[in-house]
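Have a look at the structure below before the remarks.
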Number of protein chains: 2
Amino acid sequence: MAKSDKKRGASFLNGVPNLLILKLLSRREMYGYELVRSIQQASGEALVFAEGCIYPLLHVLEEEGCISSREQAINGRTRLYYLLTGKGEQRLAEMEREWDRVRQGVVQALNWEPVS
Amino acid sequence: MAKSDKKRGASFLNGVPNLLILKLLSRREMYGYELVRSIQQASGEALVFAEGCIYPLLHVLEEEGCISSREQAINGRTRLYYLLTGKGEQRLAEMEREWDRVRQGVVQALNWEPVS
DNA sequence: TTGACATGCCTAAAAGCTTTAGGTATAAAT
DNA sequence: ATTTATACCTAAAGCTTTTAGGCATGTCAA
């Protein structure tokens, strides 16, 4: 494998799963497996995150008190439904602001014309 | 320190230094120390990356052949000026496309209305 | 002239997040 | 009966940025 073919993991995705989980759960209750596919769908197939990313994030968010869970049995399978808490709403607002701040910063830098 | 006060590093910055270095160097030759401050300035003070992030990235990009360097002595200090190569232009185009793809995906997901 | 600060380069360890690559179990479909 | 989809989970690897230094020269004020 040529040196130029090395993986370039700089994928602009850091923090996006966290933001989108909170956003989707602010609209309605969802369970983990559902979130994985809903993020994909909601982003127009642009964003796909592995279960190995989503499930641990849900556990952290619940520990932090940003979401709460409720168990429900469906067809013999058990689903863990999550929903945003008040604290989660605050966190979501913070993250949306931060996303916008970064987005604007990048856009501005990309369009920046150096003062000659 | 309360559990809720833990560091939340999800900062949406992954890959941004790489993108902006290439973008700024596509406009004119710059040296590392200059890049650190130019990124900050060009983003309207929104984005600040440490030297410990920028310098190693420059070395990697040069190894990959995306940028080339030229040494110049100024006032007894030595500056390493970098400039984009043809390959670097390609890489920049790829990364701009990827940034846009992710940006659009996030915007779409944030504005997404679930079909009830 | 000495002390502080900005310039200009560098690196290694720590911290953080996502991917990869599994594992377990039940229901549905072929 | 076997494969596929559902539904949960975790640990290790892989990448990137931050933190926290180090080294050396020039400038400016005290």
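Note that the structure is predicted; figures quoted are calculated from it, not measured. Naming: A, B, ... by sequence-line order, numbering from 1 per chain.
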Donor-acceptor pairs under 3.5 angstrom involving side-chain atoms of residues 73-81 of chain A: please list them, not counting sequence neighbours.
residue	atom	partner	partner atom	Å
A:Arg79	NH1	A:Tyr81	OH	3.0
A:Arg79	NH2	A:Tyr31	OH	3.3

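Within a 6.0 Å radius of CD in A:Glu45, other residues, nucleotides and ligands contribute more than 12 heavy atoms.
A:Trp99 and A:Val107 end up in different hydrophobic clusters when Ile, Leu, Val, Met, Phe, Trp and Tyr side chains are linked at under 4.5 Å.
Within the model, atoms CD of B:Glu29 and CG of B:Leu24 stand 13.5 Å from one another, a figure rounded to the nearest 0.5 Å. A distance of 10.5 Å separates CG in A:Leu58 from CE in A:Met30, rounded to the nearest 0.5 Å. One distance of note links OG of A:Ser43 with CD of B:Gln104; it measures 11.0 Å at 0.5 Å rounding. Here OG1 of A:Thr85 is found 7.5 Å from CD of A:Glu89. Values are rounded to the nearest 0.5 Å. Taking CD from A:Gln40 and CG from A:Leu35, the interatomic distance works out to 12.5 Å, rounded to the nearest 0.5 Å.
Rounded to an integer number of Å, the gap from B:Phe49 CZ to D:dT18 P is 6 Å. Rounded to whole Å, the distance from CZ on A:Phe12 to C1' on C:dT18 is 15 Å. At whole-Å resolution of the value, CG in A:Leu19 and C1' in C:dG16 are 17 Å apart. As a whole-Å value, the separation of B:Met30 CE from C:dG8 P is 12 Å. Between B:Ile54 atom CD1 and C:dG8 atom C1' the separation is 14 Å, expressed in whole Å. With rounding to whole Å, A:Gln72 atom CD is found 15 Å from D:dT6 atom C1'. Nucleotide C:dT7 holds its P atom 11 Å from the CD atom of B:Gln40, rounded to whole Å. Remark: P of D:dT16 and CD1 of B:Ile39 are 15 Å apart, rounded to the nearest angstrom.
A heavy atom lying under 4.0 Å from DNA chain D marks none of the residues of residues 98-109 of chain B.
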Expected rows: protein N/O vs nucleotides 11-14 of chain C N/O, under 3.5 Å:
residue	atom	partner	partner atom	Å
C:dT11	OP2	B:His59	ND1	3.3

Please tabulate, one pair per line, each protein N/O and nucleotide N/O from nucleotides 25-27 of chain D that are separated by under 3.5 Å, including the distance.
residue	atom	partner	partner atom	Å
D:dT25	O2	B:Arg77	NH1	3.0
D:dG26	O4'	B:Arg77	NH1	2.8

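A:Arg97 and A:Asp100 are not joined by a salt bridge, as no carboxylate oxygen comes within less than 4.0 angstrom of a charged side-chain nitrogen. Salt bridge B:Arg101/B:Glu98: present, at least one basic N to carboxylate O contact under 4.0 Å.
Of the candidates C:dG8, D:dT16, C:dT18, C:dG8 carries the atom nearest the B:Tyr33 side chain, counting heavy atoms from C-beta on. Nearest nucleotide to the B:Leu13 side chain, out of C:dT19, D:dT18, C:dC9: D:dT18. In the set C:dT18, D:dT16, D:dT18, the nucleotide with an atom closest to the side chain of B:Asn14 is D:dT16.
Proximity of A:Tyr31 to the phosphate of D:dA7: a side-chain N or O atom is located under 4.0 Å from OP1 or OP2.
The terminal axes of the helix from C:dT1-D:dA30 to C:dT30-D:dA1, fitted over 5 pairs per end, subtend an angle of 10° to the nearest 10°.
A search for side chain to side chain contact (heavy atoms under 4.5 Å, CB included) contacts involving A:Glu96 returns A:Leu19, A:Lys23, A:Leu92, B:Leu110, not counting sequence neighbours.
Counting heavy atoms from C-beta on, the side chains of B:Ile54 and B:Ile21 come closer than 4.5 Å. Residues A:Leu13 and B:Asn14 form no side-chain contact, since every pair of their non-hydrogen atoms from C-beta on lies 4.5 Å or further apart.
In terms of position on DNA chain D, the residue among B:Pro17 and A:Arg79 whose nearest nucleotide sits closer to the 5' end is A:Arg79.
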Can B:Val48 and B:Val36 be said to form a side-chain contact (heavy atoms from CB on, under 4.5 Å), step by step?
-> CA-CA 7 Å; B:Val48 182; B:Val36 171; 5.9 Å; no

